[in-house]
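What you are looking at is a predicted structure, and each value in this text was computed from that prediction instead of being measured. Any value given below was found using the heavy atoms of this structure, including those in side chains, with hydrogens, waters and symmetry copies removed.
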Amino acid sequence: VLWLTGLSGADKTTIAEALYQRLDGNVLRGVFPRTGFTKEARDEHIKRVGFMASRLAHHGVIVVASFISPYREARQFVRDLCDNFVEVYVKASVDECKRRDVKGLYKKAANGEISNFTGIDDPYEPPENPEIVIETEHQTVDESVNQIMDTIKPYLQD
């Protein structure tokens, strides 16, 4: 299970899609029961997704999961479920994510239209010991994918 975590706008989805081409979370929200954006609701969503990822991985499927997953405890829960878990911290500063603001969410959060927005009025707890750190302010998507592929090669060996 390749678990990409980082702030909204850090390029998790872009990297996940490019990685998928070499070998997203919004889609799953439409399948699972409706969840909110409180800490408890986010943790519950991550636990559901993590359980599904662990079952797929158990059956030999490579899972690329791209979620903000802002809380360490929820990510640790998923790690504990999975035999092979690679945490990929897609790192970008809040200022850079605000500058990118692909979905206009930072602007809405600043205007009070969105509450509990990660990195603004809700915390993001960066991974303490991720297997991979991607610095999207200093790396291209191709460089990021190459870094991930180089790291996971041992997992792909028969």
Side-chain angles (χ1 to χ4, degrees), residues 1-30 32 35-50 53 62-82 84-153 155:
V1 174
L2 292 166
W3 194 271
L4 282 70
T5 178
L7 292 169
S8 178
D11 279 348
K12 294 176 305 299
T13 302
T14 302
I15 292 168
E17 288 173 354
L19 185 60
Y20 177 76
Q21 293 302 317
R22 293 280 264 306
L23 289 165
D24 171 85
N26 290 332
V27 173
L28 287 177
R29 280 195 178 270
F32 285 129
T35 58
F37 292 93
T38 64
K39 180 184 185 321
E40 294 77 18
R42 288 176 187 219
D43 282 349
E44 186 61 33
H45 181 67
I46 292 304
K47 288 176 180 180
R48 285 184 193 126
V49 171
I62 296 173
V63 178
V64 178
S66 171
F67 295 95
I68 294 171
S69 49
Y71 310 113
R72 288 185 192 112
E73 184 178 332
R75 292 192 306 265
Q76 186 62 47
F77 176 88
V78 177
R79 179 184 290 276
D80 292 344
L81 286 175
C82 301
N84 292 307
F85 182 89
V86 177
E87 187 172 42
V88 181
Y89 178 24
V90 183
K91 185 178 179 183
S93 68
V94 172
D95 287 340
E96 177 62 15
C97 293
K98 284 180 184 178
R99 187 192 66 73
R100 294 174 185 170
D101 205 8
V102 179
K103 299 176 186 174
L105 299 175
Y106 284 93
K107 183 178 180 180
K108 288 181 179 180
N111 292 335
E113 298 172 50
I114 299 174
S115 59
N116 300 107
F117 192 76
T118 304
I120 302 299
D121 61 349
D122 201 58
Y124 177 78
E125 300 171 353
E128 293 177 325
N129 295 299
E131 284 76 11
I132 304 170
V133 177
I134 301 296
E135 301 265 356
T136 64
E137 291 179 59
H138 308 291
Q139 292 175 246
T140 66
V141 171
D142 283 339
E143 290 169 335
S144 299
V145 171
N146 288 339
Q147 181 181 346
I148 294 168
M149 292 300 294
D150 289 346
T151 303
I152 68 168
K153 279 180 188 174
Y155 292 97

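- Using a distance-only test at 3.5 Å, with no hydrogens or angles considered, a donor-acceptor pair links the side chain of Glu137 to the main chain of Ser93.
- Shown here for Cys82 and Val1, the closest heavy-atom pair between the two residues is SG-CG2, 3.7 Å.
- Here the shortest heavy-atom pairing between Pro123 and Thr118 reads O-CG2, 3.8 Å.
- Contact record, Tyr124 with Pro70: CD1-CA, 3.5 Å, taken as the closest heavy-atom pair.
- Side-chain contact check for Asp122 versus Arg42: some heavy-atom pair is nearer than 4.5 Å.
- In this structure, Ala18 and Val145 approach most closely via the heavy-atom pair CB-CG2, 3.7 Å.
- Between Ile120 and Lys98, some side-chain heavy-atom pair lies under the 4.5 Å cut-off.
- For Gln147 against Ile132, the heavy-atom pair with the smallest separation is NE2-CG2, 3.6 Å.
- Contact annotation: the side chain of Leu19 approaches that of Met149 to within less than 4.5 Å [non-hydrogen atoms, C-beta and beyond].
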Using the rule given for side chain to side chain contact (heavy atoms under 4.5 Å, CB included), can you reason through Leu7 versus Glu96, listing the C-alpha separation, both sets of side-chain angles and the distance that settles it, and then say yes or no?
CA-CA 10 Å; Leu7 292 169; Glu96 177 62 15; over 6 Å; no
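- At a threshold of 4.0 Å, the pair Asp95-Arg99 does not count as salt-bridged, since none of the basic side-chain nitrogens sits closer than that to a carboxylate oxygen.
- A side-chain donor-acceptor contact under 3.5 Å links Arg72 to the backbone of Pro126.
- Between the CG atom in Asp43 and the NE2 atom in His45 there is a gap of 11.5 Å [rounded to 0.5 Å].
- Arg75 contributes atom CZ, which lies 5.0 Å from atom CD of Glu87 (distance to the nearest 0.5 angstrom).
- For residues 90-109, every residue pair satisfying the ring pair (Phe, Tyr, Trp, His ring centres under 6.0 Å) rule, not counting sequence neighbours, is listed here: Tyr106-Phe117.
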For Lys12 and Ile68, what are the C-alpha separation, side-chain angles and deciding distance, and is it a side chain to side chain contact (heavy atoms under 4.5 Å, CB included)?
CA-CA 8 Å; Lys12 294 176 305 299; Ile68 294 171; 3.9 Å; yes
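- One distance of note links CD of Glu73 with CD1 of Ile46; it measures 13.0 Å at 0.5 Å rounding.
- Within a 6.0 Å radius of NZ in Lys108, other residues, nucleotides and ligands contribute 12 heavy atoms or fewer.
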Run the numbers on Phe85 and Val78 for side chain to side chain contact (heavy atoms under 4.5 Å, CB included), then give the verdict.
CA-CA 8 Å; Phe85 182 89; Val78 177; 3.6 Å; yes
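- Separating the OG1 atom in Thr136 from the CZ atom in Arg100 is a distance of 4.0 Å, to the nearest 0.5 Å.
- For the atom pair CD1 (Ile152) and CG (Leu2), the distance works out to 5.0 Å, reported to the nearest 0.5 Å.
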For Asp121 and Ile114, run side chain to side chain contact (heavy atoms under 4.5 Å, CB included): C-alpha distance rounded to whole Å, both residues' side-chain angles, the deciding distance at 0.1 Å, then the answer.
CA-CA 10 Å; Asp121 61 349; Ile114 299 174; over 6 Å; no
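- Of the candidates Thr5, Thr13, Leu4, Val49, Phe67 forms a side-chain contact (heavy atoms from CB on, under 4.5 Å) with just one, namely Val49.
- Within 6.0 Å of NZ in Lys47 there are more than 12 heavy atoms belonging to other residues, nucleotides or ligands.
- The CD atom of Gln76 sits 10.0 Å away from atom CG of Leu81, with the distance rounded to the nearest 0.5 Å.
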